[in-house]
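One structure is given here, and the rest of the page talks about it.
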Amino acid sequence: MKYWLMKSEPDVYSIDDLAHDGKTMWDGVRNYQARNFMRDQMQTGDLVFFYHSNAEPSGIAGIAKVAGKSYPDPTAFDKKDVHFDPKSKKEAPTWYLVDVAFVQKWKQVLALEEIKKIKGLEGMLLLQKGSRLSVQPVLEKHWKILTRGGRV
DNA sequence: GCCAACGTTGGC
DNA sequence: GCCAACGTTGGC
């Protein structure tokens with residue numbers, strides 16, 4: 001079992017949208033590192049912090065889980081989609097995604113500002129200056145600290 | 001809306 | 001293969 005953090009702008013897709021949909025395709029990721037995590041390392045059942053970026057406040061909004069094996073991102077093949085990428089061919093897809101399912105919404109977003117104050121999160125990717133990675137692994141010890149107190 | 005930090009692109 | 005220019009991310 002691995003742990004992850006996935007960023008989404010709530011104006012585009014929020015934890016409430018996921019709660020409503022139950023499950024969603026995590027499409028549109030166009031960063032190789034993020035893709036590699038989804039394609040090669042995510043396993044069904046892995047837990048995910050749903051992170052609101054560019055938000056008021058930015059922070060962890062709840063928990064989701066990986067709902068299946070990775071597969072090619074269909075939006076890369078769709079000329080009309082904003083995430084269309086002519087380089088990605090159906091025979092050799094460039095971009096992959098996983099389905100993500102809703103687990104829980106936290107009563108309150110755990111704001112980045114608060115996360116920064118929590119002891120024991122040294123080395124967490126999210127807190128590294130300039131880390132824009134939208135899909136990133138979370139160490140189990142960091143996961144445990146951040147979920148302490150059952151922040152449901 | 002600003003801007004620093006990145007990643008990508010493309011000329012050479 | 002270098003690196004400047006450009007585009008994007010995301011906190012503030």
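Naming: A, B, ... by sequence-line order, numbering from 1 per chain. Everything quoted here is computed from the prediction, not taken from an experiment. These values consider heavy atoms only, across backbone and side chains, with no hydrogens, waters or symmetry-generated copies.
Between the NE2 atom of His142(A) and the OG1 atom of Thr147(A) there is a distance of 12.0 Å, given to the nearest 0.5 Å. Atom OG of residue Ser134(A) and atom CE of residue Met6(A) lie 7.5 Å apart, to the nearest 0.5 angstrom.
Less than 4.0 Å separates DNA chain B from at least one heavy atom of each of the following residues of residues 80-91 of chain A: Lys87(A). Listed by residue number, the members of residues 47-63 of chain A with any heavy atom below 4.0 angstrom from DNA chain C are Tyr51(A), Ser53(A), Asn54(A), Ser58(A).
Cation-pi contact between Lys23(A) and Phe102(A): absent, since separation from the ring centre below 6.0 Å together with deviation from the ring axis within 45° is not met.
With sequence neighbours excluded, the residues that form a ring pair (Phe, Tyr, Trp, His ring centres under 6.0 Å) with Tyr3(A) are Trp143(A). Listed by chain and number, the residues in a ring pair (Phe, Tyr, Trp, His ring centres under 6.0 Å) with His52(A) are Phe50(A) (sequence neighbours excluded).
Using a cut-off of 4.0 Å between Lys/Arg side-chain N and Asp/Glu carboxylate O, Asp73(A) and Arg35(A) are scored as not salt-bridged. Ion pair Asp46(A)/Lys65(A) not flagged as a salt bridge, since none of the NZ, NE, NH1 or NH2 atoms sits closer than 4.0 Å to an Asp/Glu carboxylate oxygen. Taking 4.0 Å as the cut-off between side-chain N and carboxylate O, Glu113(A) and Lys116(A) do not count as a salt-bridged pair.
Contact footprint of chain A on DNA chain B: nucleotides with an atom under 4.0 Å from a non-hydrogen protein atom, first to last in 5' to 3' order, dA5(B) to dT9(B).
Hydrophobic cluster of Val82(A): no remaining members, since no ILVMFWY side chain lies below 4.5 Å from it.
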Might you work through the salt bridge (charged side-chain N to carboxylate O under 4.0 Å, His left out) test for Arg30(A) and Asp85(A), ending with a clear yes or no?
CA-CA 9 Å; Arg30(A) 296 293 179 263; Asp85(A) 181 357; 5.0 Å; no
